[in-house]
Amino acid sequence: STILTGVDYAYGLVFFGDSPNGLAKNNVFSSSLTALSSATIYVTAGSQSGFSADYNDYHSSGTGNTAFWDSTVCVLPYWTGVGCPSQDANSIAVDPLWASTAAGAEDFHPRSMVGRYNAAADNMSNVDGAHSPTIDSGDPAEAYASETAPNGATVNQGSYGNTAPA
């Protein structure tokens, strides 16, 4: 993925040039940028053929939670708007409730009321008072067996999906 920023716009994932069959699935996109738009995905005309997006979390602390379908602005998570493609039928747009986003103490494991990964002890001993909506929200057809039990029998969204520290 590519992060592009400018004076007015910030993009989390760009499908640029002639890149058909792009896939955005089981991701967590979270933005706290202040720009005219914190567009999460930008898909240029040459990359639209075969593009697919689903089972993602699009969280924005700003008011502009959008995607660009070339020059067409689409509102996430369901790509609504005139001229927008039908995408992300199973996606959400909520705070992923990461363990810590504090600078210098980042921990992007999702909070869990049944056990979150503890790197110091290499186990799932951290128990939180909140449960991330990204847990068990990935594509049900995807593998999840590498996630430590109890794993909900569905892959988590985000970078820890289908990994032991999920």
Side-chain angles (χ1 to χ4, degrees), residues 1-5 10-15 21-35 37-43 51-68 74-80 85-166:
S1 64
T2 304
I3 296 177
L4 300 176
T5 59
Y11 307 108
L13 181 60
V14 176
F15 292 88
N21 303 313
L23 176 64
K25 184 167 69 167
N26 296 333
N27 296 290
V28 175
F29 299 99
S30 186
S31 172
S32 60
L33 294 172
T34 54
S37 173
S38 59
T40 302
I41 296 180
Y42 179 47
V43 184
F51 174 80
S52 178
D54 207 1
Y55 294 98
N56 297 298
D57 179 12
Y58 299 106
H59 172 254
S60 176
S61 61
T63 57
N65 198 3
T66 58
F68 278 92
C74 307
V75 178
L76 296 172
Y78 308 116
W79 295 71
T80 56
S86 178
Q87 297 288 337
D88 281 299
N90 299 289
S91 292
I92 56 179
V94 296
D95 186 340
L97 298 178
W98 283 319
S100 175
T101 58
E106 296 92 346
D107 181 351
F108 296 109
H109 290 89
R111 290 187 223 160
S112 173
M113 296 173 74
V114 296
R116 175 175 45 83
Y117 184 68
N118 180 335
D122 194 28
N123 63 27
M124 304 296 279
S125 61
N126 289 331
V127 177
D128 301 301
H131 201 72
S132 171
T134 66
I135 293 174
D136 300 332
S137 292
D139 184 346
E142 294 288 323
Y144 63 86
S146 295
E147 294 184 8
T148 304
N151 58 29
T154 304
V155 70
N156 292 355
Q157 292 174 333
S159 60
Y160 292 105
N162 197 33
T163 67

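All values derive from a computational prediction rather than experimental measurement.
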Query raised in the report: What pairs with Asp54 under salt bridge (charged side-chain N to carboxylate O under 4.0 Å, His left out), at least two apart in sequence or on another chain?
Result: none
Requested in this report: Sort and list the pairs that fulfil ring-ring contact (aromatic ring centres under 6.0 Å, His included) and have at least one residue in residues 110-144, not counting sequence neighbours.
Outcome: His109-Tyr117
Report task. Please examine the side chains of Ser30 and Phe108, heavy atoms only from C-beta on, and report whether any two atoms are closer than 4.5 Å. Result -> no
Report summary line: Residue set satisfying ring-ring contact (aromatic ring centres under 6.0 Å, His included) with Tyr78, at least two apart, ordered chain then number -> none
Report summary line: Asp95 meets the salt bridge (charged side-chain N to carboxylate O under 4.0 Å, His left out) criterion, sequence neighbours left out, with none
Query - Separation between CD of Gln87 and SG of Cys74, rounded to the nearest 0.5 Å - result: 9.5 Å
Query - From Asn21 atom CG to Phe15 atom CZ, the distance as rounded to the nearest 0.5 Å - result: 10.5 Å
Report summary line: Between Arg116 and the options Ile135, Asp107, Val127, the side chain to side chain contact (heavy atoms under 4.5 Å, CB included) test singles out Asp107
Report task. Hey, could you give me the CG/OH distance between Leu13 and Tyr42, rounded to the nearest 0.5 Å? Result -> 13.0 Å
Query - Side-chain donor/acceptor of Glu142 to backbone N/O of Pro140, under 3.5 Å - result: no
Report task. Apply ring-ring contact (aromatic ring centres under 6.0 Å, His included) to Tyr55 and list each qualifying residue two or more places apart in sequence or on a separate chain. Result -> none
Query raised in the report: Going through the checks in order, is the side-chain contact (heavy atoms from CB on, under 4.5 Å) test met by Leu76 and Phe29?
Result: CA-CA 11 Å; Leu76 296 172; Phe29 299 99; over 6 Å; no
Report summary line: For Pro133 and Ile92, the nearest pair of non-hydrogen atoms, with its separation, is O-CD1, 3.8 Å
**Report entry** Main-chain N/O of Leu97 paired with Ser132 side-chain donor or acceptor, under 3.5 Å
**Finding:** no
Report task. Write down the atom of Pro110, the atom of Thr134, and the distance for their closest heavy-atom approach. Result -> CB-OG1, 3.7 Å
Requested in this report: Working to the nearest 0.5 Å, report the span between OG of Ser137 and CG of Asn56.
Outcome: 11.0 Å
Query raised in the report: If you take all heavy atoms of Gly152 and Asp136, which pair is closest and at what distance?
Result: CA-OD2, 3.5 Å
Query raised in the report: Quick check: does any side chain N or O of Asn65 sit under 3.5 Å from a backbone N or O of Pro77, one acting as donor and the other as acceptor?
Result: no
Query raised in the report: Which side chain to side chain donor-acceptor pair (under 3.5 Å) pairs, counting each pair once, include a residue from residues 147-164, with sequence neighbours left out?
Result: none
Query - Point-to-point distance, once rounded to the nearest 0.5 Å, from CG of Asp88 to OG1 of Thr40 - result: 10.0 Å
Query raised in the report: Under the 3.5 angstrom rule, does the side chain of Asn118 hit a backbone N or O of Asn123 as a donor-acceptor pair?
Result: no
